[in-house]
Trainee: 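Pasting a structure here, questions to come.
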Amino acid sequence: MSSAPQWKNPVIRWVDERLPVFTYIDHEYNQFPVPKNLNYFWNFGALAMIVLVTMVVTGIVLAMQYTPHVDYAFGSVERIMRDVNYGWLIRYIHMNGGSMFFIIVYIHIFRGLYYGSYKSPRELLWMLGVVILLLMMATAFLGYVLPWGQMSFWGATVITNLFSALPIIGEPIVTWLWGGFAVDNATLNRFFSLHYLMPFVLFAVVGLHVVALHVTGSNNPTGIEIKGPQDSVPFNPYFTAKDSVGLGVFLIFFAYFVFFAPNFFGEVDNYIEANPMQTPPHIVPEWYFLPFYAMLRAITFDVFFIPAKLLGVMVMGASIMILFIVPWLDTSKVRSARYRPVYKWLFWVLVIDCFVLGYVGAKPPEGVLVLMGQLGTAYYFLHFLVIMPIVGKLETPLPLPASISEAVSGGSANSSPSGMEKP
Amino acid sequence: MVNEIEGVGMSEATQSPESTEDDVDRRDFLVLATAAVGAVGAASFVWPLVDSMNPSAEVLALSKIEVDLGPIEEGQSITVVWQGKPVFIRRRTKVEISAAVKDDGADLRQKEKDADRTQKPEWLVMIGICTHLGCIPLGQKAVETKGEYGGWFCPCHGSHYDTSGRIRKGPAPLNLEVPKYKFLDDKSIRIG
């Protein structure tokens, strides 16, 4: 199945003997064995890759027209929208592409959580994914500052001020990040530089993520490993085809927003030029940060000697850092929630909790919303720190099928259907 | 001298492939010394890069401003810019001053007497940046909400400041900062 191909074209053969790129591509993207039962949730990795490339390509072109200076940045973006040929299209693709990237990656992450894709031997693959999420957040935050609207400016102010919560070194770090005593031209310049740099760092980590994936192979909806050739199909044409269908649907979704609702995900206030003397009445981050923002704001009380502000920052940081140890928090012997009658529902409660937090993060911190944010935050951590370890131990999983093949086509597998699968 | 030592070392090495104790010690020393010099060199190259991101000379130069207080009526506030930051200057009413003094003994998050936050009770001068995450609190204009304590209210995350600019409720850890300033005469100050 994975025999080295014989290249007929002499040029390809000449190159391949010296640098086996063609053999590599053939091996990893043509013959690569993939579980034959992957559902459409397995499209989202490939979709994320396509969006990353789209973002880089549109970003490079936008950078040719953009001016990173406090006096000109806002104007240069408006110039892109009005005067530059197809500038409106390129900017709207880039702007909505950011939202698409997060939609795809969040689905990708929840897919992993539901089917237990983080479990041995895929722990490092999962952790690299969390690094990718962190890099994406940094890149998105830096990029959002560049148009120099009110939300750009005040978002940058609020987020960089998170570091001032650190004792002693906090203030010097913030001044260092700003290159001044407030978010100003120096800040805008370095954010532009770093926003251009980050996607390439992202590419490198995505590369490692893909290499790690090709070592362990894909997980699948049953959470059982491939046992033999009857359980898998070659990546090409089966999943290149399936990914193409998903890509077509996704592009329609993407295009709808680009052409018919380009500012749906944005904030109106960002079409007002940044004014350092006036905070907008209600600062909200972009939608993909809302659950984390809600957790930051949920901490309105001091705990012992830790002030509320520092604690809020710690809680927000922990909400992502906790994902790194998920492979060890989940004690269940079964990967896929499909065979976990209790955890299956608790997974959906977590999903709902994230939406609740997102809603709270979008609203002003008043009245019952403060309590909702606090309960939502408590439940988020409860899920990972208590529910995951305990339910994994107490729950009786459903019997696993003997093989992927048996699960899919009702048992042509030659192995005996003897209950529990060792994950 | 150096050549001589190397020469000896090399001839020894060619004679017997196994190194002596002495040789190993010397090699370890050379490796460590090289690494140490390399690390110091790298660090001294990194520092200029890191420090270049700190505020530059022209940013630091904008450090003092003078403000004329003449036109400000009792109960009015103005906002001036100092080092790129808003500075709130409020000519407080008698009611506000007495409320602030009365709360000196209240359960304050950061204990400060009103008298320690002003040079003349009538004039409150402070940096108009919420100590939580750097938004500009509302309360400077007559139409804006002043929060539950009649001072300032930060709309971002709901911090309430009293008529002395002290944090009373919400996530902010500290009172609004009072910058260094000096009365030049009865009706003007210099900030910075």
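Any value given below was found using the heavy atoms of this structure, including those in side chains, with hydrogens, waters and symmetry copies removed. Throughout, protein chains are lettered first and strands after them, A, B, ... in sequence-line order, and every chain is numbered starting at 1. What you are looking at is a predicted structure, and each value in this text was computed from that prediction instead of being measured.
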Trainee: Could you show, one pair per line, the donor-acceptor contacts under 3.5 Å between chain B and chain A?
Mentor:
from	atom 1	to	atom 2	distance (Å)
Val50(B)	O	Trp176(A)	NE1	2.7
Met53(B)	O	Arg190(A)	NH1	2.9
Met53(B)	O	Arg190(A)	NH2	2.9
Thr131(B)	O	Lys309(A)	NZ	2.8
His132(B)	O	Lys309(A)	NZ	2.8
Leu133(B)	O	Asn161(A)	ND2	3.0
Ile136(B)	N	Thr279(A)	OG1	2.6
Ile136(B)	O	Thr279(A)	OG1	3.4
His157(B)	NE2	Tyr293(A)	OH	2.7

Trainee: Do you know which two heavy atoms are closest between Ala73(A) and Leu188(A), and how far apart they sit?
Mentor: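 Scanning both residues completely, I find the closest heavy atoms to be CB-CD2, 3.8 Å.
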Trainee: What part of Leu296(A) is in contact with chain B, defined as an atom under 4.5 angstrom from a non-hydrogen atom: side chain, backbone, both or neither?
Mentor: side chain
Trainee: How close do Pro137(B) and Leu176(B) get, counting heavy atoms only, and between which atoms?
Mentor: CG-CD2, 4.3 Å
Trainee: Is a side-chain N or O of Arg166(B) found less than 3.5 angstrom from the main chain of Glu112(B), in a donor-acceptor match?
Mentor: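 Checked: pair present.
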Trainee: Please check this pair: side chain of Arg117(B) against backbone of Met126(B), looking for a donor-acceptor N/O pair closer than 3.5 Å.
Mentor: no
Trainee: Which of the residues Gly179(A), Ala186(A), Ala182(A), Ala308(A) is involved in the greatest number of heavy-atom pairs with chain B at under 4.5 angstrom?
Mentor: Gly179(A)
Trainee: Of all of Cys130(B), Cys154(B), Cys135(B), Gly170(B), which one pairs up most often with chain A through heavy atoms under 4.5 Å apart?
Mentor: Cys135(B)
Trainee: How close do Pro55(B) and Leu60(B) get, heavy atom to heavy atom, and via which atoms?
Mentor: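 For Pro55(B) versus Leu60(B), the nearest heavy atoms are O-CD1, 3.9 Å.
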Trainee: Taking all non-hydrogen atoms of both residues, which atom of Pro68(A) and which atom of Phe192(A) are closest, and how far apart?
Mentor: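 What the structure gives for the nearest pair is CG-CD2, 3.5 Å.
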Trainee: Name the member of Gly158(B), Gly128(B), Pro86(B) that forms the most heavy-atom pairs with chain A at distances under 4.5 Å.
Mentor: Pro86(B)
Trainee: Evaluate salt bridge (Lys or Arg N to Asp or Glu O under 4.0 Å) for Glu74(B) paired with Arg91(B), printing each intermediate quantity in order.
Mentor: CA-CA 5 Å; Glu74(B) 192 177 299; Arg91(B) 186 167 178 182; 5.4 Å; no
Trainee: What are the two closest heavy atoms between Pro167(A) and Leu310(A), and how far apart are they?
Mentor: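 Scanning both residues, the minimum pair turns out to be CD-CD2, 4.2 Å.
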